[in-house]
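We number each residue from 1, following the sequence as shown.
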Amino acid sequence: MEAQAQAVAATFGVDWPHLFAQIVSFCIVCFILYRFAYRPVLTMLEVRRQQIALGVANEAELARTEARRQEVMAQANAQATKFIEEARAAAARLHEQESQKAVAAAEEVLVKARDAAARDHETMLSELKREVGRLVVDTTAAVTGKILTPADQRRLVEETAKQVAA
């Protein structure tokens, strides 16, 4: 069988020392390629795979963060709307209170003005009665030509006051 293998090798032109040298050279090239080319490429591919996985994880985290941001914004908008409505309601209440205070103050001023007018009227009426009484006394004294006693003057003033009041 060995002779047969040598016959086949001789037929195909196999030169054993050269074949052995080529096998050794091929193994050295394979080792060098594995060591300096294939292994760094595999390492780079692994790093790239990890970066992609991290990117996908970051993208998922970003999506969760965006969803949370949207939720927070919705809550903030709802709360802001609530605050605005409360402020409007408070402003309406305050406006109503101030309106009621203004109406009450106006009514109070009106009542005071009426009271003051009534007092002024009474004072003027009293002064008018006194002045008319004095004028009647002076006119009566001038017409009759006599000096009226204090009792006559008082009587004339009272009668004149009754007539003016009626």
Side-chain angles (χ1 to χ4, degrees), residues 1-134 161-166:
M1 184 105 156
E2 192 172 303
Q4 219 180 11
Q6 283 182 354
V8 170
T11 307
F12 287 109
V14 174
D15 181 23
W16 290 110
H18 282 110
L19 180 65
F20 180 72
Q22 287 177 347
I23 290 175
V24 169
S25 293
F26 182 77
C27 287
I28 291 173
V29 168
C30 283
F31 174 76
I32 290 174
L33 285 176
Y34 177 80
R35 176 83 172 165
F36 296 109
Y38 187 68
R39 188 183 278 172
V41 168
L42 286 179
T43 305
M44 180 187 69
L45 288 175
E46 179 62 25
V47 167
R48 182 69 181 144
R49 187 190 62 75
Q50 289 174 356
Q51 287 176 343
I52 290 171
L54 184 61
V56 168
N58 285 343
E59 187 175 315
E61 181 64 28
L62 181 63
R64 283 192 302 275
T65 302
E66 180 64 22
R68 178 68 180 140
R69 186 188 69 81
Q70 290 292 337
E71 180 182 318
V72 168
M73 289 298 291
Q75 289 175 351
N77 284 338
Q79 195 172 21
T81 302
K82 179 183 170 188
F83 286 153
I84 289 170
E85 290 301 319
E86 288 175 358
R88 285 183 181 155
R93 283 192 308 271
L94 183 62
H95 181 265
E96 183 63 29
Q97 290 173 352
E98 291 301 318
S99 295
Q100 289 174 356
K101 286 180 183 178
V103 167
E107 287 176 357
E108 185 178 328
V109 167
L110 189 58
V111 167
K112 287 181 180 179
R114 285 183 184 152
D115 289 346
R119 281 193 306 273
D120 287 346
H121 182 264
E122 290 297 322
T123 303
M124 287 176 20
L125 192 57
S126 167
E127 288 177 7
L128 179 65
K129 287 179 186 178
R130 251 190 330 254
E131 188 64 27
V132 169
R134 187 187 63 75
K162 286 181 187 176
Q163 287 178 359
V164 170

### Message
Counting neighbours of CD on Gln100 that are heavy atoms of other residues, nucleotides or ligands and sit closer than 6.0 Å, is the number greater than 12?
### Response
yes
### Query
Under the side chain to side chain donor-acceptor pair (under 3.5 Å) rule, what pairs show up with a residue in residues 111-126, not counting sequence neighbours?
Glu108-Lys112
### Message
For Gln4, I'd like to know if atom CD has over 12 heavy atoms of other residues, nucleotides or ligands within 6.0 Å.
### Response
no
### Task
Applying side chain to side chain contact (heavy atoms under 4.5 Å, CB included), name anything that partners Gln50, two or more places apart in sequence or on another chain.
Glu46
### Query
Which pairs pass side chain to side chain donor-acceptor pair (under 3.5 Å) with one or both residues in residues 13-32, sequence neighbours excluded?
Asp15-His18
### Task
Kindly state each residue pair satisfying ring pair (Phe, Tyr, Trp, His ring centres under 6.0 Å) with at least one member in residues 31-85, sequence neighbours excluded.
Tyr34-Tyr38
### Message
Would you compute the distance between atom CD of Gln51 and atom CE of Met44 and round it to the nearest 0.5 angstrom?
### Response
10.5 Å
## Note on the structure
One should read off an interatomic distance between Leu45 CG and Arg49 CZ, to the nearest 0.5 angstrom, of 10.5 Å
## Note on the structure
Rounded to the nearest 0.5 angstrom, the CE-CD distance for Met124 and Glu131 is 13.5 Å
### Message
Quick test of your reading of the model: are Glu96 and Arg93 salt-bridged, counting only N-O distances below 4.0 Å?
### Response
no
#### Entry: Test side chain to side chain contact (heavy atoms under 4.5 Å, CB included) applied to Leu33 - qualifying residues, sequence neighbours left out
Val29, Ala37
### Task
Give the C-alpha distance, both sets of side-chain angles, the deciding distance and a yes or no for side chain to side chain contact (heavy atoms under 4.5 Å, CB included) between Asn58 and Leu62.
CA-CA 6 Å; Asn58 285 343; Leu62 181 63; over 6 Å; no
### Task
Would you mind listing every side chain to side chain donor-acceptor pair (under 3.5 Å) that reaches into residues 73-85, with sequence neighbours excluded?
Glu85-Arg88
### Query
Is atom CZ of Arg35 surrounded by more than 12 heavy atoms (other residues, nucleotides or ligands) closer than 6.0 Å?
no
### Query
Does some side-chain heavy atom of Val103 sit less than 4.5 Å from a side-chain heavy atom of Glu107?
yes
### Query
When rounded to the nearest 0.5 angstrom, what distance separates CG in Leu94 from NZ in Lys101?
7.5 Å
